[in-house]
Novice: 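Have a look at this one.
The structure displayed is predicted, hence computed values, not measured ones. Residue numbers begin at 1 in each chain, while the letters A, B, ... track the order of the sequences.
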Amino acid sequence: MPLLTVESASKSFGALRAVDGVSFSVEPGELFGIAGPNGSGKSTLFNLISGIPFGPDSGRILFAGEDLAGRKGHQIARLGLVRTFQRETAFDTLSVFDNALMGATYGGKGPVPEERSAEALAFVGFAPADFDRKAAELSVYDRKRLMLASALALSPRLLLLDEPASGLTKPEIEALIALIRRIAATGATILLIEHVLTVLLALSQRLMVLNEGSLLVLDRPDVVVRDPRVIRAYLGDRRHVA
Amino acid sequence: MKLSGFKRELCGMILGLAVLAILPVFIQDTYLRHLLIMIFVYGMVAASWDLSLGYGGVFNFGHLALFGVGLYTYALLTKQLGVDPWLALAASGGAAVIAAGLMVIPILRLKGIYVVLLSFAFSQLILQVIVSQSDYTGGNQGMVMVPALKLGDHNMMRDKKLAYYYIALTLLSACLLFLRVFVRSALGKSIVALRDNEEYAVSRGVSLGRQRLLTLTGSALFTGIAGGFYGGYFRNTSTDVFGIDLTTLILSMVLLGGRATIYGPLLASLALTLLSEATADIGVWRPIIIGAVIILVLLVYPGGLAGALTAGWRRLSAMRTPRGQGAAINKVAS
Ligand SMILES: Nc1ncnc2c1ncn2[C@@H]1O[C@H](COP(=O)(O)OP(=O)(O)O)[C@@H](O)[C@H]1O
Ligand SMILES: [Mg+2]
């Protein structure tokens, strides 16, 4: 059974069909890539799946066979369907430790949330000496890692990563790719949005390309990047393909 | 590590309260004691408001209505139903909690200015209910001869307010402990998380509805008890507590004290009560001078009095540690 099934999900903002009848499914343990030009509806698709801040106008989202319709965002997170955001997001006035503690306490399972927060922080590379720092003081990359740690503190079954590489330097992107590989190795299923195709080619087993809210291609990454429709959608901008 | 931080705070808290406990030995003057009692009462209301406004970022402008609910609950129960004053005092906290629970419903999905408008409307609604039931509440005239608090056979009227002083101090201590434990708990951090970034908090499993409910009811508990105490102390009620003057005064305390500190509003309650006493004779200039002082302090210390104190403390401890050592830059190891 697929872990996630999206059945003709749609979302409109006024006349704009941001996500337009998209259907696909993701198998347990898969690393599933999502690409597409800016404004093609990738982040909106994550909103619909996570219910944060809204679900679809029409269509269905099934997580482990359960219809998510009518569930609130925090309930979906507690099921183990956990998202990150495109902008590096943090609870600025809380400490690094407390940022992770929120996920462990409210979304995680099992006793001793403090232990699970410390574990998640260590997993993404924070040293205990950093735990008391305010999140607002961190660099962009550290904030992104913190957002990942707070997601891991929920022990997610499905992790939605929205452009984790944006705004990072080359060496940081390398480190991030290694980190995502380690997360995948724990058995988590991952949906990964990237505008930069390099990251997707390095990581994903299947790759879906959206264009103007619709599914354009869904196939193996090496097949997808050679597809003429994909090249046209990216306006022949070879930089992204390289 | 976390525990020792709280232990240290607890020690400071006990020390501060011990100082307040021996203060009446030196302050024999009834009026000065009365001022301190008012500082404690306003301090409880302001510090409780800091929970919803400062920590939660919920612009609840009906906070003083919760004080009013406590006041009228105490007065109605003791005077109209003959309930024991101490029981009525506890009930005044309970009634304010219930009122706050009802107030959450309309403001749950709203943000910013809409929360201000609806919570203020809610407070005016409570006022209208009280005014309309004038047979019991005395309407706009308020109630008089409300039963006082009792301590066995002790004469509360002839002790230069000593008993009321200690009752108020006890309530303040309980309030302070409650609020500090609240904001230090995971629950307290989750309401700050919602304030910092609502969608992000929800994505980590934090329930907006449940946390808002706990924030507002938590801020209501000692606000209502303070209202009940106020009734037993003054032995009358007035619908003035729903007015803009008291709301402005308490809000000034939250802002001047420094948001999201709990201690700040207590400090500001002291500062503003004394300042308004000191300027009592200068008539119309009083609010202008008080306003100017508040603006001046906030310009220099945006963190308010609590921010000014921590800044002063840092400077002091920086002078004691050798240079460079305290300023060591700790980088996140990648
Ligand atoms: N909350 C919103 N209100 C109105 N329009 C939106 C909203 N969110 C996204 N859009 C629009 O929907 C389209 C898809 O946006 P998005 O999903 O963010 O694209 P992507 O993540 O692929 O860059 C864009 O045209 C964007 O302007
Ligand atoms: Mg996007």
Side-chain angles (χ1 to χ4, degrees), chain A residues 47 50-53 72-85 87 89-108 113-114 124-133 135-139 141-142 145-147 150-151 153-154 160 171-172 175, chain B residues 1-6 8 50 53-57 108-111 182-215 258-262 302-303 306-307 310 314 327-334:
Chain A
N47 294 345
S50 66
I52 299 170
K72 297 210 170 77
H74 70 273
Q75 294 168 329
I76 294 174
R78 288 174 185 177
L79 291 175
L81 196 169
V82 185
R83 71 170 298 176
T84 65
F85 294 86
R87 299 202 42 157
T89 306
F91 305 124
D92 278 337
T93 59
L94 293 183
S95 68
V96 165
F97 186 82
D98 289 342
N99 264 262
L101 187 65
M102 289 301 103
T105 306
Y106 290 97
E114 286 79 9
V124 304
F126 281 99
D130 304 322
F131 288 4
D132 285 336
R133 296 181 66 192
E137 300 170 4
L138 301 181
S139 68
Y141 181 50
D142 287 339
R145 286 194 305 155
L146 183 56
M147 180 160 59
S150 75
L154 282 92
L160 312 185
E172 285 168 347
Chain B
M1 185 180 70
K2 302 268 156 213
L3 199 74
S4 83
F6 185 55
R8 203 177 330 138
D50 193 23
L53 187 66
Y55 286 87
L108 190 57
R109 302 264 157 240
L110 302 175
K111 289 191 169 76
F182 190 118
V183 300
R184 274 179 163 273
S185 69
L187 168 63
K189 284 161 187 167
S190 75
I191 73 170
V192 172
L194 279 168
R195 179 198 69 191
D196 281 359
N197 192 320
E198 194 173 293
E199 280 179 12
Y200 184 36
V202 169
S203 78
R204 295 301 175 258
V206 178
S207 160
L208 176 68
R210 182 175 171 274
Q211 254 61 2
R212 277 241 165 134
L213 178 71
L214 292 172
T215 307
R259 272 170 304 162
T261 59
I262 302 295
T310 26
R314 284 224 188 87
I329 299 157
N330 34 4
K331 275 185 106 178
V332 176
S334 351

Novice: For side chain to side chain contact (heavy atoms under 4.5 Å, CB included), just list the numbers for Met147(A) and Ser203(B), CA-CA rounded to whole Å, side-chain angles, deciding distance to a tenth of an Å, and then say yes or no.
Specialist: CA-CA 11 Å; Met147(A) 180 160 59; Ser203(B) 78; over 6 Å; no
Novice: Looking only at heavy atoms, what is the nearest atom pair of Ala77(A) and Gly205(B), with distance?
Specialist: CB-N, 3.9 Å
Novice: Would you mind telling me which of Ala90(A), Ala153(A), Ala175(A), Ala104(A) has the largest number of heavy-atom pairs within less than 4.5 Å of chain B?
Specialist: Ala90(A)
Novice: Just verifying a value: how many Å separate Lys189(B) NZ and Phe91(A) CZ, rounded to the nearest 0.5 Å?
Specialist: 13.0 Å
Novice: So how far is it from Asn99(A) CG to Asn197(B) CG, rounded to the nearest 0.5 Å?
Specialist: 10.0 Å
Novice: Is chain B contacted by the side chain of Leu154(A), its backbone, both, or neither, given a heavy-atom distance below 4.5 Å?
Specialist: side chain
Novice: Side chain from CB out, backbone as N, CA, C, O: work out which of these in Ala201(B) comes under 4.5 Å of a heavy atom of chain A, or both, or neither.
Specialist: both
Novice: After noting the C-alpha distance and the side-chain angles of Tyr106(A) and Val202(B), does the key distance pass the side chain to side chain contact (heavy atoms under 4.5 Å, CB included) rule?
Specialist: CA-CA 9 Å; Tyr106(A) 290 97; Val202(B) 169; over 6 Å; no
Novice: Hey, does Ser50(A) have a side-chain heavy atom less than 4.5 Å from the side chain of Glu199(B)?
Specialist: no
Novice: Only pairs of heavy atoms separated by less than 4.5 Å count here; which of Arg78(A), Glu114(A), Glu172(A) has the most with chain B?
Specialist: Arg78(A)
Novice: Please give me the minimum heavy-atom distance between Ser150(A) and Tyr200(B), naming the atom from each residue.
Specialist: OG-OH, 2.7 Å
Novice: Does any heavy atom of chain B fall under 4.5 Å from the side chain of Ala135(A), the backbone, both, or neither of them?
Specialist: neither
Novice: Below 4.5 Å, heavy atoms only, C-beta onward: do Arg195(B) and Thr93(A) meet side chain to side chain?
Specialist: yes
Novice: Output the option from Asp92(A), Leu94(A), Thr105(A) having the highest count of non-hydrogen pairs under 4.5 Å with chain B.
Specialist: Leu94(A)
Novice: Measure the CD-NE2 distance between Gln211(B) and His74(A) for me, rounded to the nearest 0.5 Å.
Specialist: 8.5 Å
Novice: Say you draw a straight line from CZ of Arg83(A) to CZ of Arg204(B); how long is it, rounded to the nearest 0.5 Å?
Specialist: 9.0 Å
Novice: Relative to chain B, which of Gly73(A), Ala151(A), Gly107(A) shows the most heavy atom pairs under 4.5 Å?
Specialist: Ala151(A)
Novice: Under 4.5 Å heavy-atom distance to chain B, tell me which part of Thr84(A) shows up: side chain, backbone, both or neither.
Specialist: both
